[in-house]
Protein chains: 2
Amino acid sequence: MALSPLELRHLRMLAALRETGSVSRAAQMLCLTQSAVSHQLRALEEHYGAALFERKSSPPSFTPVGKRLLRLADTVAAELRATEAEIQQLVGAGAGQLRVAVECHTCFDWLMPAMDRLREHWPEVELDLVSGFHTEPLGLLRSDRAELVILHERPADTDVALHPLFRFEIRALLARGHALAARPWLEPADFAAETLITYPAPDDMIDVIRRVLRPAGVFPRRRDSELTVAIVQLVASRRGIAALPGWAVAGYVERGYVVERPIGPEGLFGELYAATLPAAATLPYVQDFITVIRETSFLTLPGIHLLGGADG
Amino acid sequence: MALSPLELRHLRMLAALRETGSVSRAAQMLCLTQSAVSHQLRALEEHYGAALFERKSSPPSFTPVGKRLLRLADTVAAELRATEAEIQQLVGAGAGQLRVAVECHTCFDWLMPAMDRLREHWPEVELDLVSGFHTEPLGLLRSDRAELVILHERPADTDVALHPLFRFEIRALLARGHALAARPWLEPADFAAETLITYPAPDDMIDVIRRVLRPAGVFPRRRDSELTVAIVQLVASRRGIAALPGWAVAGYVERGYVVERPIGPEGLFGELYAATLPAAATLPYVQDFITVIRETSFLTLPGIHLLGGADG
DNA sequence: TGAACAACATGAGGCACATTCATGGCTTTG
DNA sequence: CAAAGCCATGAATGTGCCTCATGTTGTTCA
């Protein structure tokens, strides 16, 4: 019909801009550089001869033209989604099984919302959680007990399809007024005299032990609890210190229940990956799930960094 | 949202495929090669794992998946159109003036439908027809008496924006059983003893005279009439022969009122162009008009060939 | 029946255009 | 006031779409 430089990519970009509230974050969500998004915006604004949003205000307020394009983006996205769903039905590819195995406790924080959204999009897919912790998670894929595994380490195997998710900082949690809270960051030795409060899991699964304390020859007492709230409670009442993902405790820190410090001068960072068999990686609902995980996590977890896109 | 290789280009392609009824014609309409459209189709079918339409049948019948995508294409196209219209209103670029000057009589056949469609799309644009024939049509642009001129010859001037429209064959029209109808094609000399029936216009404006007869030194008697029907009538009743665009008389020929023959062994071809001032070429409704002309002409005029696209 | 033709498929390669890279200006924050 | 975000912009780069050339199939004439 009419020649228009408008493409779906632009609509997706505008939606991401609204969701994330900034050009750079939108770029991350789209697996692009900030520059690319900026160029796209400029091209659109040039074409319509009007600004699309007010840059100097956060959250950015869209102009009427911008709002109209966003409305288009929404309706088109909805139509697109409906179409693809119907087509999957027609082709018979809409049904299937997706069993997800998880290595880390905190993962449930973002996994549940993601699974909910997937259930909406793919009602015909049997979605299961493979519970319990396994020494060799990739074995679950090969023995056909799971279609997707969440890992907190890049596996050595190259015969599985790896989908980078995001990167986050693991920070030490201290009671207010704790002696160590005076330091700008914590050294491994600082843990020696403390009780380390963790989730119930083998040492190997706990990043701060595997990657910081054990290499330094430090083996503090351990105490564990299933619930993040309980861990925070124990820390606050000076029964020990913990090392948790920043997003998991941001709320408690903000409210002043506890304080947090980096681990080591550069901080300690964890990364999460999803792994599937190569064959499963081509299934549309698996691809959709990866995308949904990245998006929901990025939007709900503060301070995380998406992996595998245009920037590290 | 979901990563989908589907882009607007694909939807436009499918719509064109439906309108034109064939891959190659769709390609022409999209200003692409047949190969490009074929590749696009293959990519889509590969992605959805299903055929989109039955190739060996004309008109091509779409599979359920193809039909569903076409429905999407229609709704998205409508949404897109509505959005752009609203934005033009917001920006204030929806209003303007478009005076069209025409050189040839038959042009009205396709110009009227195109102007009707433009009026729908751009209700705020003042659409006028500059009547009468002018010796120097480009002068109308420079003296600001028209925004767009239809030409049947590539102008020498390079300071106007030229928009190629389409190419068509001009064929000789003869009464059934006419002596010349025995020939596979007509030579210039064949016109010498005949009366040439034309529209009322100077010799310069009549392609067969300017490009065939005059160069050959042949100057047949002339007789003219305003209406195509009347010309056909005169030819049928053996008052003379005519030379008209194939599309303009296809109906009469099909019904057997008259017969047609190529002019010269290779045939005589006419080409039509639209010209505007460079500034006017950037106006959205002018661009839209060009597109609309090409599309409506291509869909309604039999045997024409779009110009300026991926193929000559 | 076969040749000529039309329509579509397919692989390789070129080229346009979106994206990245590198940098600078601007605002915010401690 | 330094330091860090955030965004804009020009030039370089690379990816993917399209074209080109050719092969294949189906169709229409002698």
Side-chain angles (χ1 to χ4, degrees), chain A residues 3-14 16-18 20-47 51-63 66 169 184 262 265-267 302-306 308-312, chain B residues 3-14 16-18 20-47 51-63 66 184 302-303 305-306 308-312:
Chain A
L3 44 103
S4 166
L6 195 67
E7 280 295 336
L8 290 189
R9 139 177 53 100
H10 299 287
L11 297 182
R12 284 193 258 264
M13 181 270 286
L14 286 175
L17 185 56
R18 175 187 52 193
T20 61
S22 96
V23 173
S24 0
R25 286 172 58 84
Q28 241 184 94
M29 181 132 135
L30 299 165
C31 294
L32 291 176
T33 58
Q34 167 266 322
S35 180
V37 175
S38 191
H39 279 298
Q40 281 191 18
L41 269 168
R42 213 171 86 88
L44 277 188
E45 298 190 324
E46 206 159 282
H47 173 248
L52 297 185
F53 76 110
E54 194 53 61
R55 278 107 211 279
K56 35 204 69 170
S57 73
S58 66
S61 62
F62 288 84
T63 66
E169 186 171 2
E266 308 295 335
I304 77 167
H305 226 68
L306 290 179
D311 40 45
Chain B
L3 45 102
S4 166
L6 195 68
E7 279 295 336
L8 290 188
R9 138 177 52 99
H10 296 115
L11 297 182
R12 285 193 259 262
M13 182 269 287
L14 285 175
L17 185 56
R18 176 187 51 193
T20 61
S22 96
V23 174
S24 357
R25 285 172 60 82
Q28 241 184 95
M29 181 133 133
L30 298 165
C31 294
L32 291 177
T33 59
Q34 167 265 324
S35 179
V37 175
S38 192
H39 279 297
Q40 281 190 19
L41 268 169
R42 212 171 87 88
L44 276 189
E45 298 191 325
E46 207 160 282
H47 173 249
L52 296 185
F53 76 109
E54 195 54 59
R55 278 109 213 277
K56 36 204 70 169
S57 74
S58 67
S61 63
F62 287 84
T63 66
H305 228 69
L306 290 179
D311 38 44

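Letters A, B, ... are given to chains in the order of the sequence lines, protein chains preceding strands, and every chain is numbered from 1.
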Rounded to the nearest Å, what distance is computed from the [atom1] atom of residue [X] to the [atom2] atom of nucleotide [N]?
| X | N | atom1 | atom2 | answer |
| --- | --- | --- | --- | --- |
| A/L41 | D/dC7 | CG | P | 10 Å |
| A/L8 | D/dG16 | CG | C1' | 17 Å |
| A/L32 | C/dC17 | CG | C1' | 14 Å |
| A/E7 | D/dG16 | CD | P | 15 Å |
| B/Q28 | D/dT19 | CD | C1' | 16 Å |
| B/L44 | C/dC8 | CG | P | 17 Å |
| B/E54 | C/dC8 | CD | C1' | 14 Å |
| B/R12 | D/dC17 | CZ | C1' | 15 Å |

side-chain N/O A/Q40 vs C/dT19 OP1/OP2, d < 4.0 Å: yes

Do the side-chain N or O atoms of B/S24 get closer than 4.0 angstrom to the phosphate oxygens (OP1, OP2) of C/dC8? yes

Measure across B/L6 and A/R12 and return the closest heavy-atom pair with its distance rounded to 0.1 Å.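 Minimum heavy-atom contact is O-NH2, 4.0 Å.
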
Which atom of B/M13 lies closest to which atom of B/L44, heavy atoms considered: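 Where B/M13 meets B/L44 most closely, the heavy atoms are CE-CD1, 4.3 Å.
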
Keeping A/E169 on the side-chain end and A/G303 on the backbone end, is there a donor-acceptor pair under 3.5 Å?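 Absent.
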
I'd like to know if the side chain of B/Q28 and the backbone of B/L306 have a donor-acceptor N/O pair within less than 3.5 Å.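 Yes; judged by distance alone, with no hydrogens or angles, the pair exists.
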
Is the shortest heavy-atom distance from the side chain of B/F62 to the side chain of B/L17 under 4.5 Å?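 With C-beta onward as the side chain, the pair touches.
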
Which donor-acceptor pairs under 3.5 Å do side chains of residues 35-42 of chain B form with protein atoms, sequence neighbours excluded?
none

Taking side chain to side chain contact (heavy atoms under 4.5 Å, CB included) as the definition, give me every residue that meets it alongside B/A51, ordered by chain and number, with sequence neighbours left out.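 Only B/E45, B/T63 meet the side chain to side chain contact (heavy atoms under 4.5 Å, CB included) criterion with B/A51.
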
Which nucleotide, C/dA18, C/dC8, D/dC7, lies nearest any side-chain atom of B/V23?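 Per side-chain heavy atoms of B/V23, the pick is C/dC8.
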
Can you pull every protein N or O that's under 3.5 Å from an N or O on nucleotides 9-11 of chain D?
{"from": "D/dT9", "atom 1": "O4", "to": "A/S35", "atom 2": "OG", "distance (Å)": "2.9"}
{"from": "D/dG10", "atom 1": "O6", "to": "A/H39", "atom 2": "NE2", "distance (Å)": "3.1"}

